[in-house]
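Only one structure is covered here, and it is reproduced in the block below.
Everything numeric in this text was worked out from a predicted model, so none of it was measured.
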Amino acid sequence: MANFISNIFKKKQEVNLPDWWPVYEQSFKAVPSKATPLEEVKFVVFDTETSGLNHKKDHIIQIGAVSVKNFQLDLQDSLEIIIKQPEVGTENELAVHGIRKTRVENGIEEELALERFFNYVGNSILVGHHIAFDIAIINFALKKYYGLKLLNKTIDTANLTQRLEKHRLPHSQSRRIFIR
């Protein structure tokens, strides 16, 4: 009974807001409405490379992203971050991603990587294949440092493909995008 009562009055995890968070959070006041044409919405296609498949135990070693606006990939507006993770893997483990251990050892600190990623994505809609894992590992890092989680809407291309195939629509005929 004492544990139950103490859990009710347990303090919330203290939030240590990074300097960049208010700008990120404020960007959501300018989120496009449902009436906004899709060509005016900014999407960011991104992927993480990690040291394993357990978002609570493994580490982000790379984040890659590219923006899409007006249905066009903008290769000039892209992001690649290698994250310093000294305790991460052997050369053989890292070979799966094609990332050399020396690159990971010389990457940037994880907190700085998060700052760069969030400054880059802003309020855009995040797109990825099996994106739930990428979101989970980024959220785990955000929670570890700041007690926060990302605010962006997401589109999972694996889910989108399954829905298109289920309805047997050729990809070019589909006009609906499923956003969570």
Side-chain angles (χ1 to χ4, degrees), residues 11-28 31 41-69 72-161 179-180:
K11 289 184 179 179
K12 276 182 149 181
Q13 180 182 353
E14 195 170 309
V15 176
N16 179 22
L17 289 179
D19 294 341
W20 51 268
W21 185 262
V23 173
Y24 168 72
E25 195 172 40
Q26 183 70 24
S27 74
F28 287 89
V31 170
V41 176
K42 181 180 177 186
F43 297 87
V44 170
V45 180
F46 89 104
D47 188 35
T48 59
E49 299 298 342
T50 62
S51 60
L53 297 176
N54 183 337
H55 73 274
K56 293 182 178 180
K57 172 182 103 163
D58 293 311
H59 304 279
I60 305 168
I61 56 176
Q62 183 178 26
I63 302 172
V66 63
S67 72
V68 177
K69 192 140 189 192
Q72 300 290 316
L73 280 174
D74 185 355
L75 297 178
Q76 300 300 313
D77 186 12
S78 62
L79 178 75
E80 181 188 8
I81 304 169
I82 301 287
I83 300 167
K84 182 185 274 185
Q85 300 289 4
E87 69 276 354
V88 169
T90 65
E91 282 294 334
N92 289 339
E93 290 170 340
L94 294 173
V96 170
H97 308 299
I99 303 169
R100 295 204 168 274
K101 188 171 178 82
T102 53
R103 285 189 72 201
V104 173
E105 289 170 344
N106 294 316
I108 64 172
E109 298 297 325
E110 193 170 48
E111 286 182 87
L112 180 56
L114 289 170
E115 177 181 357
R116 287 187 183 172
F117 177 71
F118 281 91
N119 285 338
Y120 177 76
V121 300
N123 67 1
S124 60
I125 297 173
L126 301 178
V127 180
H129 204 67
H130 298 291
I131 198 169
F133 175 77
D134 300 297
I135 298 301
I137 201 156
I138 289 198
N139 277 338
F140 190 75
L142 264 180
K143 186 176 181 180
K144 174 174 66 174
Y145 292 110
Y146 312 114
L148 301 167
K149 67 181 208 172
L150 82 122
L151 306 173
N152 303 68
K153 298 284 187 189
T154 62
I155 298 174
D156 187 329
T157 58
N159 192 349
L160 182 61
T161 300
I179 301 174
R180 284 196 264 166

Residues that Glu111 engages under side chain to side chain donor-acceptor pair (under 3.5 Å), provided they are two or more places apart = Tyr146

Nearest 0.5 Å, what's the CD1-OG1 distance between Ile61 and Thr50?
-> 6.5 Å

Any side-chain heavy atom of Lys149 within less than 4.5 Å of one from Lys143?
-> no

Would you check if Ile155 and Ile131 make a side-chain contact, meaning some heavy-atom pair closer than 4.5 Å?
-> no

Check against side-chain contact (heavy atoms from CB on, under 4.5 Å), Leu150 and Val121 | CA-CA 10 Å; Leu150 82 122; Val121 300; over 6 Å; no

Look up atom CD1 in Ile81 and atom CD in Glu49, then write down how far apart they are to the nearest 0.5 Å.
-> 13.0 Å

Taking all atoms of both residues into account, what is the closest heavy-atom pair of Ala65 and Val44, and its distance?
-> CB-CG1, 3.7 Å

Between Trp20 and Glu115, what is the shortest heavy-atom contact and its length?
-> CD1-CG, 3.2 Å

Determine, step by step, whether Glu25 and Leu148 satisfy the side-chain contact (heavy atoms from CB on, under 4.5 Å) criterion, reporting the C-alpha distance in whole Å, the side-chain angles of both residues, the deciding distance to 0.1 Å, and the verdict.
-> CA-CA 11 Å; Glu25 195 172 40; Leu148 301 167; over 6 Å; no

Rounded to the nearest 0.5 Å, what separation is found between the CG atom of Asn152 and the CD1 atom of Ile125?
-> 9.0 Å

Partners passing ring pair (Phe, Tyr, Trp, His ring centres under 6.0 Å) against Phe133 (at least two apart in sequence or in another chain) = none

Going by heavy atoms in the side chains, are Val68 and Leu73 under 4.5 Å from each other?
-> yes

State, with a plain yes or no, whether a side-chain heavy atom of Pro18 is found less than 4.5 Å away from one of Leu114.
-> no

Please collect all side chain to side chain donor-acceptor pair (under 3.5 Å) contacts where either partner lies in residues 117-132, sequence neighbours excluded, each pair once.
-> His129-Thr157

Please name all residues satisfying ring pair (Phe, Tyr, Trp, His ring centres under 6.0 Å) with Tyr24, sequence neighbours left out, ordered by chain then number.
-> Trp21, Phe28, Phe118

Atom CD in Gln62, atom OG in Ser51: separation rounded to 0.5 Å?
-> 13.0 Å

Residues in side chain to side chain donor-acceptor pair (under 3.5 Å) contact with His59, at least two apart in sequence or another chain = Glu87

Rounded to the nearest 0.5 Å, what's the gap from OG1 on Thr48 to CD1 on Ile137? Could you check?
-> 6.0 Å

From Glu105 atom CD to Lys84 atom NZ, the distance as rounded to the nearest 0.5 Å | 9.5 Å

Option from Val127, Asp47, Leu75 for which side chain to side chain contact (heavy atoms under 4.5 Å, CB included) with Val66 holds | Leu75

Can you tell if the side chain of Arg116 reaches within under 4.5 Å of the side chain of Leu112, non-hydrogen atoms only?
-> yes

Do Leu79 and Phe117 have side chains that get closer than 4.5 Å, going by heavy atoms?
-> yes

Glu80 CD: over 12 foreign heavy atoms closer than 6.0 Å | yes

Output all residues satisfying side chain to side chain donor-acceptor pair (under 3.5 Å) with Ser27, sequence neighbours left out; order by chain, then residue number.
-> none

